[in-house]
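In what follows, a single structure is set out as structure tokens and then discussed.
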Amino acid sequence: MRLMKFGGTSVGDPARVSNLCEIVRGALALQPVVVVSAASKVTDMLLTAARHAAAGTVDASPIEARVTGLLHAFGFERALVAAELDGLTAALTQIAARREATTELTDLVASYGERISVRFVAAVLTAKGVPATHHDAFDVGMTTDDHFGGAEPLPESEAALREAVGALVASGKVPVITGFIGKTRDGRVTTLGRGGSDYSAAVLGAAAGSDEIEIWTDVPGVMSSDPRVVPEAHTIPVLSFDEAAELAYFGAKVLHPKTIHPAVRQGIPVRVKNTFEPSHPGTVITAQGDPGARGARAIAHKKGVTVVNVVSTRMLLAHGFLARIFEVFARHRVVVDLVSTSEVSVSCTVDREDGLDGALRELAGIGEVSVQRDRTLVCVVAAGLFVNPEVCPRIFAALGREGIAVELLSMGASAINVSMVVPGARGDDAVRALHRELFGGAA
Ligand code: ASP
Ligand code: MG
């Protein structure tokens with residue numbers, strides 16, 4: 001069995017959908033199971049519609065226009081997804097009636113993007129002579145907890161998915177299954193969080209025993225850097241799960257970090273490929289990665305990062321100081337990425353402002369707090385920094401030549417990444433300088 005997941009851009013325009021069909025047709029001997037996201041922009045439009053509904057306006061027309069545009073391109077009518085579009089309006093009406101978009105109703109609204117997608121994609125496949133069926137993940141066993149907006153599949157899903165997907169594959173038609181969504185045990189629709197279709201794909205692929213999980217997207221694999229910043233960025237042919245997780249965590253857009261886990265557990269390789277370049281091998285992510293890899297592997301970056309510094313002379317020889325700081329962040333649900341400490345200070349980065357004000361007020365009781373906004377976090381992933389000790393000096397030499405100050409630095413025990421914070425205005429320069437230094441090229 002071969003799990004093939006197609007993201008929003010791959011199901012979001014007619015040319016790509018046609019490519020998808022040819023890719024699936026070419027994989028029929030592998031017994032493909034297809035997982036799809038909502039067409040690009042649709043999830044955002046659904047969430048906007050939910051917010052408008054909370055303010056009293058029920059209007060599904062932008063979504064309807066986007067969806068019917070795609071349907072018409074293949075000669076289908078609204079009727080194909082009428083039940084879903086009506087369900088959407090009903091959900092929006094419920095929100096408007098309460099004047100509140102609860103997380104539960106928001107998930108219900110968001111779920112329609114994928115529910116429409118599977119019906120559309122299965123119909124196009126069938127019309128093109130690749131008989132396919134469509135399925136909402138919750139009908140094939142995707143049961144989750146009730147953390148709406150970021151639900152986790154329950155352990156019992158595994159056996160249920162294995163059985164249901166196995167039966168579908170045996171039927172001889174290509175099952176097209178929704179990414180992103182599930183249902184609680186008592187039947188309420190949930191989502192796994194933004195970008196969650198990759199996670200769905202991994203959970204489904206692991207449960208059903210896929211030999212490889214293919215993530216079809218709009219870039220030719222995992223790149224050595226963001227090609228919009230570094231035009232000569234190259235595809236990395238083989239990555240380890242650890243390297244991929246670091247990259248994803250530190251801003252590489254291709255893969256959701258959580259995707260990695262179900263696949264790792266079962267030793268299933270994950271391959272990232274481009275729908276517009278199907279013959280390009282892309283990047284394969286495996287447990288052990290490329291044993292022959294040396295030196296720097298990739299440079300990820302994340303913009304709009306905030307640095308929080310807490311300085312306290314009381315930290316001197318005090319125990320429990322770090323615990324107190326992180327307890328405050330935890331209570332305000334602020335996610336901390338990088339941490340760096342000195343004898344009297346703690347600096348850390350956060351990538352969202354939610355909850356931050358409250359946390360800062362409390363931290364002021366612990367020490368002197370300062371905040372630096374608009375920073376860029378740059379992360380160099382390398383194959384073993386202890387065995388490749390030349391990488392760090394090259395990083396600092398390259399940044400030094402450009403006159404870019406590193407404001408915060410962290411290198412973990414995993415020794416596969418060096419992460420640093422630089423002023424936002426120099427973020428792209430830093431990434432380009434590092435790429436040029438570590439990979440060559442004329443950036
Ligand atoms: N459609 C969902 C989102 O935009 C899930 C996904 O695309 O992975 O977040
Ligand atoms: Mg995605």
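One-based numbering, in listed order, for ligands and for the atoms of each. Worth saying up front: this structure is predicted, and the values here are computed from it rather than measured.
Judged purely by distance below 3.5 Å, without hydrogens or angles, the side chains of D242 and S240 never pair a donor atom with an acceptor atom. Defined by atom type and a distance below 3.5 Å, a donor-acceptor pair is present between the side-chain atoms of E353 and T306. No hydrogens or angles considered: a donor-acceptor pair under 3.5 Å links the side chains of D107 and T191.
Heavy atoms of G8 come nearer than 4.0 angstrom to ligand 1 in no pair at all. The shell of residues lying under 4.0 angstrom from ligand 1, judged by heavy atoms, includes G195.
Proximity to S37 (heavy-atom distance under 4.0 Å) selects the following atoms of ligand 1: 6 (C), 7 (O), 8 (O). Proximity to E114 (heavy-atom distance under 4.0 Å) selects the following atoms of ligand 1: 1 (N), 2 (C), 5 (C). Less than 4.0 angstrom separates some heavy atom of R194 from each of these atoms of ligand 1: 3 (C), 4 (O), 9 (O). Atom numbering of ligand 1 starts at 1 in the shown order; those under 4.0 Å from a heavy atom of T43 are 1 (N), 2 (C), 3 (C), 4 (O).
Listed here is the closest heavy atom pair of P153 and V203: CG-CG2, 4.1 Å.
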Let me see the working for D428 and K303 under salt bridge (Lys or Arg N to Asp or Glu O under 4.0 Å), right down to the final yes or no. CA-CA 9 Å; D428 285 1; K303 297 184 177 168; 3.0 Å; yes
